[in-house]
Protein chains: 2
Amino acid sequence: MAGAVTVRDVARLASVSASTVSRALSASDLVAPVTRQRILDAAQQLGYTPNNSARGLITGRTNNFGLVVPDLENPYFASVTKGVQGRALREGYAVFVADSDEDVRSEIELVRKLASQVDGLILCSPRMSDEELADITEGTTTVLINRRLPEVESITVDDAEIVRQALGHLYALGHRCVAYAGGPATSWSDGQRRHGIHTALTDLPGLEVIEIGSFTPVFGGGQSAADLAVATGASAVLAYNDLMALGILSRLQARGIQVPRDMSVVGIDDVNAATLVSPALTTVRAPLRKVGTAAVNALIDGIRPENPRLEPEALPVQLIVRSSTSVPRSAVPLTSREEAGPNERSSNAHH
Amino acid sequence: MAGAVTVRDVARLASVSASTVSRALSASDLVAPVTRQRILDAAQQLGYTPNNSARGLITGRTNNFGLVVPDLENPYFASVTKGVQGRALREGYAVFVADSDEDVRSEIELVRKLASQVDGLILCSPRMSDEELADITEGTTTVLINRRLPEVESITVDDAEIVRQALGHLYALGHRCVAYAGGPATSWSDGQRRHGIHTALTDLPGLEVIEIGSFTPVFGGGQSAADLAVATGASAVLAYNDLMALGILSRLQARGIQVPRDMSVVGIDDVNAATLVSPALTTVRAPLRKVGTAAVNALIDGIRPENPRLEPEALPVQLIVRSSTSVPRSAVPLTSREEAGPNERSSNAHH
DNA sequence: TTGAAAGCGCTAACAG
DNA sequence: CTGTTAGCGCTTTCAA
């Protein structure tokens, strides 16, 4: 297609054999510098481009990666994709991106289709079951994002720390009753976060966290969650992610409930849109692009284990304070504290 | 990698020759139904997956497409990518996605890298010059998005109609002085839109459109544009795209200028984020995903010209009225009455 | 340091 | 309808 020019053409022009051309182009130190230069010039002159199919056929490697995400329009995955993309490219890999549209069946299909033509696969929070996942990744170097599975490499963020920082922030502002609007019940991250809440509570005496349910982790889910959050009487709400938090913000505004005066809102991720709204969203930033780059690094380590580039187990996060949080309306002035009994109320069990 | 099982293995198990297996898997009607079934069963049983490299080597086709976009985190391109993705997949193509990070050099590099391993390339508003573009697409089936170039297939939206609808809407509300916050001067679309403004004006007597400059087509660009728009005394502002409109909204709010009471704002594209803010953004929807699918269709037509799937020259658009536009403050009530002088440029400029 | 030869897995003539 | 043969463009032994 692109270039009908082959190694043989280059070889002829450079007066060497095809194999020498091949060597000059890959294992460059196996050929005499002069010859090598001559070959390079010839290749340049002819506009030679190696045929990936032929190369792949014999080496068994494609220099391609595959990435499967549930929804490219979700800014979370857009950022991760961007991270994967950039890093892969810098390492000489092109990447297939596939959008499963949040659907398990197409997810499986995509993995099948891609697995055969990549050196490694990055699966971003796939919906499929552990068994399907284990089954389908068999024989392909795979890295999971935001999900752990024995035997499979994975990249996650520090969910416990996310919750700790979010809750710590609200606690410091004086909030003592916080609603948690959770993500999908099947979500691995959501599980981690709910667990993190319980851990965090031991350090935050007097804090009560009310779990108001599981929601689809998008704008609409947040809108539904908002009313429930209000109904609990909480002075602040922590959402499973920014998209939900944005939905909460929107619904609250629609009801005339002022943020942060009447209700503080905290998101998770620090998606771009978090700064597009007003009040700008206070959130715990997850290093989304870095998640992507780390996944690529892990993949490369899996393929070429020589010089592994180490990554932390769970990527660090950071609270970003913006305008959607403040001291609660009912706050006790800092000077004369101690109103609610210390360590009195603790988290209610999830219903 | 994935399956070391080859056509020969399948052939052996099905007691046929390799070529029959090959035929059964592609030109299915060239082989006896019984044989075919036997082969399919054998393939299934062995977990056979065709080797794309080998197939590509001989057929010269890869069944892959490439897509180059400036920024995956920009929701505009995210949507286009999603469209490309979905359609390509349905047609049996996997797609390489490459993010050029708005950089010409990497754009060129990406095209080079991808061109050799795809059947077609979709280039989304590339920054490179016409010459570079023409040069680089030489020999590769290419479809351009939002840019026209002789000899190269392209998909665009109806920019003139976008402007007509946006301006028509504002005009109908009673606005007579509108600021246009343009996109990059080098942008093909922006040129079309400015041209569209002049055309539209002939149908909208008494309307004045003030072009306030060229801005980077993102949130920050909108923020800068906002103050200029206010300074013109216009009662409404049309932005080059939604991201800019969102920036304008934000800056206006920060200055205490109420939207839409003091100033109406109209965006273009109807990106997801347009509904995330309040007031929700009035905008002219461009069929972003459809742009992607149309590009894929065009690519397929270019590759297999047998049964072309026709697409309109420029994709249709639609005004979406939300809450960021209203009658201008100084509007003349429809009933009659003269409040401000005719042909006024009543403004609420704050300096 | 280089060349000759072999073959990766598949498909496309061409016979049968 | 099916088998045989040949070869896509490249890399990689193995000799020289």
Side-chain angles (χ1 to χ4, degrees), chain A residues 1-40 42-43 46-64 92 113 115-119 139, chain B residues 1-43 46-64 92 113 115-119 139 304:
Chain A
M1 275 265 129
V5 36
T6 79
V7 267
R8 302 167 71 100
D9 298 318
V10 178
R12 200 173 314 122
L13 182 59
S15 314
V16 292
S17 74
S19 23
T20 306
V21 173
S22 173
R23 276 187 285 253
L25 265 43
S26 29
S28 52
D29 46 338
L30 284 183
V31 55
V34 223
T35 322
R36 181 175 133 74
Q37 192 53 53
R38 191 153 35 94
I39 291 170
L40 260 38
L46 295 175
Y48 169 74
T49 316
N51 179 316
N52 291 72
S53 294
R55 186 173 275 181
L57 179 54
I58 190 159
T59 61
R61 290 180 303 99
T62 61
N63 283 327
N64 294 149
K113 174 150 182 73
S116 65
Q117 50 186 332
V118 299
D119 296 343
Chain B
M1 268 277 126
V5 35
T6 79
V7 267
R8 304 167 69 99
D9 298 317
V10 178
R12 200 173 314 123
L13 183 58
S15 314
V16 292
S17 74
S19 27
T20 305
V21 173
S22 173
R23 277 187 286 254
L25 266 43
S26 28
S28 51
D29 46 338
L30 285 182
V31 56
V34 224
T35 323
R36 183 175 132 75
Q37 193 51 56
R38 190 151 36 92
I39 292 170
L40 261 36
D41 289 346
L46 294 174
Y48 170 75
T49 315
N51 179 318
N52 291 73
S53 294
R55 185 174 276 182
L57 178 56
I58 189 159
T59 60
R61 290 181 304 97
T62 61
N63 283 328
N64 294 149
K113 176 153 180 71
S116 65
Q117 50 187 331
V118 299
D119 296 342
R304 310 193 296 244

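Lettering of chains follows the sequences in order, A, B, ..., and the numbering in each one begins at 1.
Put simply, CD1 on A:I58 is 6 Å from C1' on D:dT12, counting in whole angstrom units. For the pair B:L46 CG and C:dG9 P, the computed distance is 14 Å after rounding to whole Å. Distance, B:R23 CZ to C:dG9 P: 20 Å, rounded to whole Å. Rounded to whole Å, atom C1' of C:dG9 lies 15 Å from atom CD of A:Q117. Following rounding to the nearest Å, A:N51 (CG) and C:dG9 (P) show an atom-to-atom distance of 17 Å. Taking atom CG on B:N52 and atom P on C:dC10, their separation rounds to 10 Å, with Å as the unit. Atom CZ in A:R38 sits roughly 8 Å away from atom P in C:dT2 (whole-Å rounding).
Between the side chains of B:N52 and A:S116, at least one donor N or O sits under 3.5 Å from an acceptor N or O. Side-chain contact check for A:S22 and A:S19: no donor-acceptor pair (N or O, by modelled atom type) lies under 3.5 Å.
Here A:V21 lies out of heavy-atom contact (under 4.0 Å) with every strand. Backbone-only contact: A:T35 has heavy atoms under 4.0 Å from sugar-phosphate atoms and none from a base.
Taking 4.5 Å as the limit, some side-chain heavy atom of B:L40 sits within range of a side-chain heavy atom of B:L25.
Counting atom types as modelled, A:S19 pairs a side-chain N or O with a base atom of C:dA4 as donor and acceptor under 3.5 Å.
In terms of phosphate contacts, A:S17 brings a side-chain nitrogen or oxygen within less than 4.0 Å of OP1 or OP2 of C:dG3. Between B:S22 and C:dC10 there is no side-chain N or O to OP1 or OP2 distance below 4.0 Å.
Between B:D41 and B:R38, no side-chain nitrogen of the basic residue sits less than 4.0 Å from a carboxylate oxygen of the acidic one, so the salt-bridge criterion is not met.
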